[in-house]
Amino acid sequence: MEKGKKLSALLLAIALLFGLAACSGSGGGNAGTESTGGTKPAGTSSEGNDQAADTSKFVKISYVVLGDKPKNGQFEKVLAEVNKRMKEKINAELEWKWVEWADWQTKYNLLLASGEPIDLITIGTDWLDTWGNAQRGAFKPLDELLPKYAPQTWKEIPEEDWAESKYKGQIVLIPENDYTQWVNHGFFYRGDWAKEAGITEPIKDWEGIGKYLQFIKDTKPDVIPWDAVASTSIWGGFVQSYTDMLELPMSTGYLPVFAAKSYDEKYTAASPVFEDTFVKFAEMMKEWADKGYWREDVLNNKNDTRASLRAGLTGMDQHHTQTFSGLRVTMDRDQPGSELQMFPFARTRGNNLLELSITHGGTSVGARSKNPERALMAYDLIRNDEEIYHLINYGIEGVQYEVKDGKRVQPEGYDETRDSFYSNFWGGRVDKFEIPSVNTWDQIEETLYAEYDKIKKPYPYGQFVFDKTPVEAELTAITQVTGEMGPAITYGKAGDPAKAVEEFRNKLKTAGYEKVLAELQRQLDEFKALMEG
């Protein structure tokens with residue numbers, strides 16, 4: 001896939017919560033200079049610095065990641081191997097800290113607001129409220145530290161990418177700019193069941209998905225058409241399918257309230273919630289609920305939808321293209337002949353698929369870190385030492401993987417329950433060290449990637465940082481409204497759709513919707529002047 005060009009309620013006083021709005025685009029950048037496992041220890045010296053960094057004192061470095069902590073003991077074994085090398089190279093040890101998926105939005109922001117001395121932490125400007133946390137002083141400025149303590153990273157990230165990593169003129173994050181991926185969302189459905197339903201062409205809209213789910217409801221009594229969980233917000237996907245609006249790097253909680261009007265009018269603020277599209281969405285979701293496409297108690301459902309799909313107990317899942325590329329192979333094994341397919345939300349109109357921001361993933365240093373220098377040295381090793389990179393991302397060779405014909409395969413005797421490993425390191429992956437997996441669908445590039453390349457548009461908001469200071473209280477109130485009413489509307493449990501939408505809109509207006517819209521437009525006008533002169 002061609003790499004994209006880079007441009008990129010709980011406590012009222014702490015943080016806005018935000019939903020899983022559909023991410024979209026392809027990321028990546030110019031891969032840095034090739035290096036090997038013989039990489040010089042990070043931060044021992046750098047161009048323009050005569051003195052080596054002081055590593056005489058042993059320190060522990062925390063790294064906060066998103067995800068459920070693995071329970072089979074393999075992660076600890078891999079991290080021990082990583083730390084042998086960390087001790088040797090920089091006299092430090094990594095401690096992985098997990099923000100688990102249950103109520104992750106709240107936990108992540110509370111952690112940053114708690115005063116805990118975090119060293120390294122995963123960030124994402126389009127899903128982890130990075131700019132809002134930067135505004136609250138959560139991250140340490142890195143301009144003076146990077147050249148000395150992460151010299152290889154500093155050298156390999158180009159100036160224009162560092163420009164997209166700044167808040168008020170200071171670098172506050174290290175972008176994951178050299179990793180190619182598509183994370184635009186969509187529905188995953190079984191191709192074999194679709195064919196049984198008479199669906200022979202790729203599904204291109206939500207009506208087609210409804211036809212597929214109805215077939216399952218009618219013919220497969222032991223299967224829940226979509227074993228959905230209400231924590232998954234799909235409104236953003238509906239917006240992408242039925243409007244030309246663009247997602248903006250700002251959060252309004254469970255579902256997006258604000259957007260840009262279109263790619264041609266990328267500096268014009270709009271709201272899909274106040275369009276007829278939202279009524280159509282609410283009506284369709286009420287219809288799906290009434291037809292029994294998901295559980296009656298969907299608002300309390302905690303099941304693992306993906307596990308149910310793999311077990312043949314549900315017919316649909318929802319996530320992004322990178323997930324699909326691996327899940328297709330898994331389903332071929334778990335449900336032979338299932339021919340898993342993906343309906344990307346952007347397919348319906350094809351007007352608003354954006355390349356991925358280079359700051360969709362990345363790493364920051366906590367403002368209260370006690371060892372920011374050593375933290376950056378550790379990061380420089382994770383990103384640029386091939387041996388450590390492979391350990392962090394793939395595990396131990398011979399246990400978690402082997403390389404055959406240039407691809408990662410599972411060793412003979414591999415047992416998923418016993419041997420599986422993941423670290424959820426999404427803060428600095430680089431193409432130069434990636435080893436393709438045999439568990440990635442070998443037709444992904446010629447199918448979905450090729451489709452995306454025909455309609456993708458450059459990401460326009462890489463340097464747009466919404467300053468919510470003038471409307472902080474209003475945004476918090478709006479976020480509370482979306483959290484209170486969003487799940488019920490999304491899953492058809494809010495009663496009459498038209499009345500629910502009217503009530504929702506009225507509550508948004510009371511919360512300060514008009515004020516936020518005006519402030520957003522003012523800042524977009526300023527951003528337009530900056531970008532276009």
Side-chain angles (χ1 to χ4, degrees), residues 20 22 185-242 255 277-319 323-324 327-328 330-332 334-345 347-348 486-498 500-501:
L20 290 171
H185 280 236
F187 288 127
F188 309 154
Y189 63 95
R190 290 184 56 150
D192 57 345
W193 291 357
K195 289 178 182 177
E196 290 178 28
I199 302 171
T200 58
E201 297 295 325
I203 293 176
K204 64 178 182 180
D205 52 35
W206 292 54
E207 288 81 1
I209 290 292
K211 178 181 178 181
Y212 167 76
L213 295 176
Q214 186 62 54
F215 171 80
I216 298 174
K217 181 67 176 178
D218 292 341
T219 64
K220 302 185 184 299
D222 297 328
V223 176
I224 297 173
W226 180 25
D227 199 7
V229 292
S231 60
T232 297
S233 175
I234 54 174
W235 162 236
F238 198 85
V239 173
Q240 191 172 31
S241 291
Y242 292 102
L255 50 77
T277 306
F278 191 51
V279 178
K280 179 181 177 180
F281 172 74
E283 290 175 342
M284 182 180 288
M285 295 303 98
K286 180 66 163 62
E287 179 184 347
W288 285 15
D290 290 348
K291 289 181 175 180
Y293 293 171
W294 45 68
R295 294 174 184 268
E296 180 65 30
D297 64 343
V298 61
L299 297 181
N300 299 312
N301 186 25
K302 304 296 183 183
N303 284 357
D304 184 334
T305 306
R306 195 152 304 142
S308 296
L309 180 71
R310 292 178 58 183
L313 300 177
T314 190
M316 197 165 78
D317 190 11
Q318 186 278 147
H319 209 249
T323 300
F324 171 79
L327 187 58
R328 169 60 193 254
T330 303
M331 282 292 289
D332 286 344
D334 292 352
Q335 296 291 327
S338 58
E339 297 182 7
L340 193 70
Q341 302 292 311
M342 180 177 179
F343 156 55
F345 297 134
R347 175 182 287 161
T348 305
I489 292 175
T490 297
Y491 290 95
K493 299 299 181 181
D496 178 77
V501 168

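Contact of the Leu255 side chain with the Phe238 side chain is not registered, since no non-hydrogen atoms from C-beta on lie closer than 4.5 Å. Contact annotation: the side chain of Tyr242 approaches that of Trp206 to within less than 4.5 Å [non-hydrogen atoms, C-beta and beyond]. Residues Trp235 and Thr277 have side chains in contact (heavy-atom distance under 4.5 Å, counting atoms from C-beta outward). Contact of the Val501 side chain with the Phe281 side chain is not registered, since no non-hydrogen atoms from C-beta on lie closer than 4.5 Å. At a threshold of 4.5 Å between non-hydrogen side-chain atoms, the residues Pro225 and Lys291 do not count as touching. The closest side-chain heavy-atom distance from Trp193 to Glu196 is below 4.5 Å. Using a 4.5 Å heavy-atom cutoff, the side chains of Thr323 and Phe188 are in contact.
Distance check: Asn303 CG to Asp227 CG gives 5.0 Å after rounding to the nearest 0.5 Å.
Put simply, the side chain of Asp205 never gets that close to the backbone of Ser241: no donor and acceptor are under 3.5 Å apart. Without hydrogens or angle criteria, Thr314 side chain to Ile224 main chain gives a donor-acceptor distance under 3.5 Å. Side-chain atoms of Arg295 do not come within 3.5 Å of backbone N or O of Asn300 as any donor-acceptor pair. Checked by atom type and distance alone, the side chain of Tyr189 pairs as donor or acceptor with a backbone atom of Ile203 at under 3.5 Å.
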Please lay out, stage by stage, how Lys217 and Leu213 fare under the test side-chain contact (heavy atoms from CB on, under 4.5 Å). CA-CA 6 Å; Lys217 181 67 176 178; Leu213 295 176; over 6 Å; no

Let me see the working for Thr232 and Thr305 under side-chain contact (heavy atoms from CB on, under 4.5 Å), right down to the final yes or no. CA-CA 10 Å; Thr232 297; Thr305 306; over 6 Å; no

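Listed by chain and number, the residues in a salt bridge (Lys or Arg N to Asp or Glu O under 4.0 Å) with Asp332 are Arg328 (sequence neighbours excluded). Not counting sequence neighbours, Glu201 has no partner by the salt bridge (Lys or Arg N to Asp or Glu O under 4.0 Å) test.
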Identify each donor-acceptor pair in which a side-chain atom of residues 336-345 lies under 3.5 Å from a protein atom, sequence neighbours left out, and give them as a table.
unit_1, atom_1, unit_2, atom_2, d
Ser338, OG, Met331, O, 3.4
Ser338, OG, Gln335, O, 2.8
Glu339, OE1, Lys195, NZ, 2.9
Gln341, NE2, Glu339, O, 3.0

